[in-house]
> 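Input: one structure, supplied below.
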Amino acid sequence: MLADKRILLIVAGSVAAYKALELTRLLRKAGVRVTPVLTAGGARFVTPHALQAIAGEAVHQELWSLAGEAEIGHIRLARLPDLVAVVPASADMLAKMAHGLADDLATTLLLATDRPVLVAPAMNWAMWGHPATRANMASLMARGVAVAGPGEGAMAEAESGPGRLAEPAEIFAAIASLLGAAPRALEGRHVLVTSGPTHEPIDPVRYIANRSSGKQGHAIAAALAALGARVTLVSGPVAIPDPAWVQVVRVESAAEMLAACEAALPADAAVCAAAVADWRTATAAGQKMKKVPGEAPPPLALALNPDILATLSTHARRPRLVVGFAAETENVMANAVAKRQRKGCDWIVANDVSGDVMGGAENAVHLVTEGGVEDWPRLPKAEVARRLAARLAAALAEGVSA
Ligand code: C5P
């Protein structure tokens, strides 16, 4: 399956660069053609000779030496591979990628490529945890860059923590799954995604809301679009950027979200990741409610909101595959299985939100289908999204909902 694939392997400056040699060996053993690119920092940790010998291909190091090779050497090189992998990706490399710097061959290739990109970060735990690196990673992941690792454990400086390069076998598996995903598997399909919270007005300035950030739903929309789907993303108010190549419909309340979803039908599939408020205020005040000194607070009468997932699941124009989420803080699995029955959807993605999931970068989910329950490991939300999009593409291709 990997035999006719080619990857551009960028080796950046980190003591973990030696592991790129082992990765190269694994890739070549699987028949993958590896074109190595070594940064100046990378060359301080591994020699071009070692990399070249294991890759069986010339190592590219200099931006300007490519100029004579063809009319536009670096553009051609950027578009040759099926995937660009940065292993190890140093903090400096991630920062350059996030900001679009192109001051050497590797960063120029990364800016010029239209191929999928995977990074395997490696750095000291303090650098990995720094807000600058956090922001750079969030920005890269929002753009669809895939991430392998990092792991946690002993570091070169006799310290320990998160930031350790993932093991070569783990990076190999991530590369294999990216290369193996059928490209454009959702071409011609329309998928509806809901994301974010809803705001239910109390009066013109106050509302009831919840902690949903929209990160998981937006990542799902991006992953579906990456597989070629036409995606309508109906989003409640969120503070994160719109995913690329997705049609975004912004709404505030559950009622608006339902109307936007119905207007988006027909769709081949729907993924309801929004944290829709269960209740709205029975009547929203037309003017700002005034606090009157000495008076008791006004009562807040609530009314039940429409259930968008249940409505889509029983709709006359029901999408062939309807996927719901179950955010729970207790009895996660039992509630998810019951919810799948009750709502009439095909799959439920269940997650425990008692920890730092809401608003966080990672998610640990269980996929509940007709066939049973699958436990997925704790993964970046973008990776959960990619796996879900691949499953959804496979299910639509098979014409079944299991
Ligand atoms: O019932 P509960 O809110 O736990 O169900 C969660 C699932 O139902 C999510 O997929 C969410 O998007 C969807 N939902 C909905 N409309 C509601 C409430 C929940 O679509 N009013």
Side-chain angles (χ1 to χ4, degrees), residues 191-201 207-221 223-224 231-238 248-265 267 269-282 302-315 317-319 321-354 357-359 363-369 373 376 381 384-385 388-389 391-392 401:
V191 187
L192 168 65
V193 180
T194 70
S195 182
T198 62
H199 286 184
E200 308 297 332
Y207 55 81
I208 302 172
N210 60 65
R211 294 183 193 281
S212 169
S213 64
K215 283 181 186 167
Q216 185 63 82
H218 278 51
I220 289 167
L224 292 163
V231 179
T232 304
L233 173 63
V234 180
S235 174
V238 295
V248 183
V249 183
R250 283 186 193 76
V251 297
E252 299 229 328
S253 65
E256 288 172 11
M257 187 172 273
L258 175 60
C261 287
E262 290 193 290
L265 296 178
V271 181
C272 293
V276 184
D278 289 322
W279 306 287
R280 66 177 181 278
T281 48
L302 299 176
L304 201 58
N305 261 335
D307 191 311
I308 299 166
L309 175 61
T311 306
L312 291 174
S313 297
T314 53
H315 205 277
R317 288 187 290 165
R318 184 192 198 277
L321 187 68
V322 180
V323 184
F325 272 69
E328 305 284 351
T329 55
E330 55 184 356
N331 300 331
V332 179
M333 291 321 301
N335 285 336
V337 170
K339 193 165 291 180
R340 182 176 165 274
Q341 294 289 340
R342 194 170 65 243
K343 303 245 187 183
C345 59
D346 301 294
W347 297 352
I348 283 274
V349 182
N351 55 349
D352 186 341
V353 292
S354 54
V357 163
M358 274 196 154
N363 208 352
V365 307
H366 315 270
L367 182 65
V368 184
T369 68
V373 179
W376 291 7
K381 286 181 175 172
V384 170
L388 190 65
R391 284 293 295 266
L392 192 145
S401 58

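Below, all heavy atoms of this structure are taken into account, side chains as well, without hydrogens, waters or symmetry copies. Indexing begins at 1, ligand by ligand and atom by atom, following the structure's order.
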> Can you check whether G236's main-chain N or O pairs, donor with acceptor, with R250's side chain at less than 3.5 Å?
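A pair under 3.5 Å: no.
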> Which protein N or O atoms sit under 3.5 Å from any N or O of ligand 1? Give each pair with its distance.
from, atom 1, to, atom 2, distance (Å)
ligand 1, 1 (O), K343, NZ, 2.9
ligand 1, 4 (O), K339, NZ, 2.3
ligand 1, 5 (O), K343, NZ, 3.1
ligand 1, 8 (O), K343, NZ, 3.1
ligand 1, 10 (O), C272, O, 2.6
ligand 1, 10 (O), F325, N, 2.7
ligand 1, 10 (O), F325, O, 3.3
ligand 1, 12 (O), C272, O, 3.2
ligand 1, 12 (O), A274, O, 2.6
ligand 1, 16 (N), I308, N, 3.0
ligand 1, 20 (O), I308, N, 3.4
ligand 1, 20 (O), L309, N, 2.8
ligand 1, 21 (N), P306, O, 2.8

> Would you name the heavy atoms of L309 and C345 that are closest together and state the gap between them?
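Reported closest heavy-atom pair: CD1-CB, 3.9 Å.
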> Donor-acceptor pairs under 3.5 Å, side chain of residues 326-338 to any protein atom, not counting sequence neighbours: which ones?
from, atom 1, to, atom 2, distance (Å)
E328, OE1, N335, ND2, 3.3
E328, OE2, K339, NZ, 2.8
N335, ND2, E330, O, 3.2
N335, ND2, N331, O, 3.2

> Looking only at heavy atoms, what is the nearest atom pair of H366 and V373, with distance?
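Heavy atoms of H366 and V373 come nearest at CB-CG1, 4.1 Å.
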> For R318 and L312, which heavy atoms make the closest approach, and how far apart are they?
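So the minimum-distance heavy-atom pair works out to CG-O, 3.3 Å.
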> Could you tell me which non-hydrogen atom of V238 sits nearest to which non-hydrogen atom of S213, and how far apart they are?
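Distance-wise, the nearest heavy atoms are CG1-O, 3.4 Å.
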